[in-house]
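Single-structure report; data block below.
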Amino acid sequence: MDQIRDDQSQRPKKLRYKISDLLQAIGLAKATYHNERKRIARSHDKYEEAKAQILKIAQWFRLRGRWTVIVVFKWS
């Protein structure tokens, strides 16, 4: 979408397409467009630390390159 708008910067203001016209032509809601732009702009993963911790814990349960679950039985 931004590439389309970038081409419009060379045209006089009256001849430029409006963002609402472009979105209507491709059938995309305006809120969806703005949400996607915001998501792409901040590509930071807020769960990055949590994923690293989960992977660190999961590495304890690797055996011969496979993910395993070690079950410990306590005989009484």
Restricting to side chain to side chain contact (heavy atoms under 4.5 Å, CB included), what partner residues turn up for Q59, sequence neighbours left out?
L55, R62, W67
Got a second to check how far Y33's OH is from I19's CD1, nearest 0.5 Å?
3.5 Å
Set of side chain to side chain donor-acceptor pair (under 3.5 Å) partners for Q24, sequence neighbours left out
none
For R42, the salt bridge (charged side-chain N to carboxylate O under 4.0 Å, His left out) test, sequence neighbours excluded, returns none
Provide the full list of salt bridge (charged side-chain N to carboxylate O under 4.0 Å, His left out) pairs with a residue in residues 8-17, sequence neighbours left out, each pair given once.
none
Would you give the length of the straight line joining atom CG of L28 to atom NE2 of H34, rounded to the nearest 0.5 angstrom?
10.0 Å
Is there a path of hydrophobic side-chain contacts, each under 4.5 Å between heavy atoms of I/L/V/M/F/W/Y residues, joining I54 to W60?
no
Those residues that, when tested against E48, pass side chain to side chain contact (heavy atoms under 4.5 Å, CB included) (two or more places apart)
H44, D45
